[in-house]
Every structure is written in structure tokens, then in C-alpha cells.
Amino acid sequence: MPSSSKPVQHVKRLWWWWLAWSLLVALGIALGMWQWERAADKRDYLQRLADAPQLVAPQETPPEGSRITLRGEFLADQTYFLDNRVVEGQVGVAALTPLRGDDGRLWLIQRGFVPTAGSRVDPDIDTPQGTVTLSGQWQPAGETVLLFGPNQEGRRLQRLALQPWQAALGDFAHPGWVHLQQGPGLFTPWWQPSVMPPSRHTGYAVQWWGLALAALAVMLIGGRRLGRDLRESRDASTTIVREREP
């Protein structure tokens, strides 16, 4: 191979080196910024939940996280169970019972965790009779969870949804449900907003930026060495050309 082609090869190698590592550095910075913004969004979301109002049988759809107080009667025979819940190592279900409010409107109440020890037999639970007053946290119906089969199997549901009751009872007051926190019929509380803590997103951001910094260091060190090889190759080529001159 002619010696004059070696500098060209070194130039190409140096160019591709800078391009590849620059893309990695840019990717690390971008992913770090994304996680940093996610942390800010989660802080805002948790603050909105903390600032959510306390409402009594609201006529308008309540904001997410609102503390709802209701008065009415449980429809015990319409109790279903949210399947495959795990609380403190115990397997069980969450009891879901509609409540007919004093004004006739319908609310779905998630009453808490009931252990079943993995049994597929529906648990026999007690439901308060008569008028009750209760309160809990409001969760609007959101995006559905991906299922690989039917949502309903007997009295068990794989995800929270209002549809299983609507054919028999009609529409609910609002699209969503109340997670019971105080009042008759409460079992073991288990639900909390499914939110990754902001600190974890911040940690991920720092990790991505650390990787970007490491990639930058590798890029600079390797680029310096490749630049030195390029200069040496050019010097060698120049020397050979001079030696061949008459």
C-alpha cells in the first residue's frame, strides 16, 4: 500500500472517532435532561396531589387526588374483586363495591386489600348495611393497562374499570373511583399513586450526565492519540517523498 494513503486513513479514522463519540456525549446529555425534566414533572404532580381539594359528593368531575366524602348505601351484591394484589408478601384481592349516594348517583369504592393466600375462591367479606359516610382519594379513569385476555373472570377483574357494573347499574357519577381511606367497610389500605419518586429520576439524570462526561473524556483522550498518529503519518509520508526526489 502506498505510504501516501496512510494519512488519508488516519483522517477518516479520526473523523469517525469524533462523530461517534460526539453522538454518545450528546445522547447522554439529552437523556440526562429528559430525566431531569421528568423529576420536575413528578414534583409538580405530587404537589398537585397534596394540594387537591376536599370535596363532598362533587357535582363536577373532581381533580385527581381529591379527598372525597360520600354518604350513601353500599350495593353489597355488586361487589367485585381486583385480582392479583400483593401487600407485605401476602397475595390477595382488592374489594370493589359500588355506593349509591343520597342523591342517587353511583360511585365505585375501592375498599382495600383482602388476603386470599393465592386461592381462586372469592373471599367472603362483610359489607356494611344501611347508610354510611366515608371518605377516600379520587382517581380518575385513565389509560387502560395492556391485557392478554379478558378483563373479567367471574367476579374478578384484572384492572380497574367501570364497565362491569354499567350494564346492570347504569352510569357512574364520574369516570373514576374512590380509594377508601376512612369509614365503614374499609379493609387494609394498599393503593397509592403509581409514581416513581422524583429523586430516582434525578439520580438517573446524574448517571446519564456522568456517562456523558466519561464519553467526553474517552473522546478527547482517544482523539488526541489519533491526532498524534495522523501527524506522525504525515511526517513519515513527507520524509518518504523528499527521499524520492532527485
Can you find a heavy atom in the side chain of [X] that is under 4.5 Å from one in the side chain of [Y]?
X	Y	answer
Val93	Leu82	no
Asn84	Gln158	yes
Pro62	His174	yes
Leu55	Pro63	yes
Trp34	Arg38	yes
Trp208	Leu27	no
Arg120	Glu153	yes

Taking a hydrophobic cluster as the set of Ile, Leu, Val, Met, Phe, Trp and Tyr residues connected by side-chain heavy atoms closer than 4.5 Å, whether directly or through intermediates, do [X] and [Y] fall within one such cluster?
X	Y	result
Ile29	Leu31	no
Val218	Val25	yes
Trp191	Leu96	yes
Phe172	Val178	no
Val132	Trp107	yes

task = Show your reasoning for whether side chain to side chain contact (heavy atoms under 4.5 Å, CB included) applies to Trp165 and Leu75.
result = CA-CA 11 Å; Trp165 291 273; Leu75 306 181; over 6 Å; no

ask   = Any idea how Trp36 and Trp209 line up, ring-wise: parallel (<30°), tilted (30 to 60°), or perpendicular (>60°)?
value = tilted

ask   = Parallel under 30°, tilted from 30 to 60°, perpendicular over 60°: which one fits the rings of Tyr204 and His201?
value = perpendicular

Of the non-hydrogen atoms in [X] and [Y], which two are nearest, and what is the gap between them?
X	Y	answer
Pro128	Gly185	CG-N, 3.4 Å
Pro58	Arg105	O-NH1, 2.9 Å
Ser135	Leu180	O-CD1, 3.4 Å
Phe113	Arg85	CE1-O, 3.5 Å
Thr61	Pro175	OG1-CD, 4.5 Å
Ala94	Trp190	CB-NE1, 3.5 Å

Return the [atom1] to [atom2] distance between [X] and [Y], rounded to the nearest 0.5 Å.
X	Y	atom1	atom2	result
Leu108	Leu160	CG	CG	6.5 Å
Ser22	Leu216	OG	CG	8.5 Å
Leu134	Arg71	CG	CZ	11.0 Å
Ile109	Leu186	CD1	CG	11.0 Å
Gln35	Lys42	CD	NZ	8.5 Å
Thr127	Leu99	OG1	CG	11.0 Å

ask   = Does Asn151 offer a backbone N or O that forms a donor-acceptor pair with the side chain of Arg159 under 3.5 Å?
value = no

task = Using atom types as modelled and distance alone, determine if a side-chain donor or acceptor of Ser66 lies under 3.5 Å from a backbone N or O of Ile68.
result = no

Do other residues, nucleotides or ligands put more than 12 heavy atoms under 6.0 Å from [X] [atom1]?
X	atom1	answer
Gln182	CD	no
Gln163	CD	yes
Asp77	CG	yes

request  = Test Glu64 against Leu49 for side chain to side chain contact (heavy atoms under 4.5 Å, CB included), laying out the working first.
outcome  = CA-CA 7 Å; Glu64 184 175 3; Leu49 292 182; 3.9 Å; yes

inquiry  = A cation-pi test, strictly: NZ or CZ of Arg111 under 6.0 Å from the centre of the six-membered ring of Phe74 and no more than 45 degrees from its axis. Yes or no?
reply    = yes

task = Would you please say whether a donor-acceptor pair under 3.5 Å links the side chains of Gln110 and His179?
result = yes

query = Are Trp177 and Leu162 close enough, and set up right, to give a side chain to side chain contact (heavy atoms under 4.5 Å, CB included), and what steps lead you there?
reply = CA-CA 8 Å; Trp177 31 82; Leu162 300 177; 3.8 Å; yes

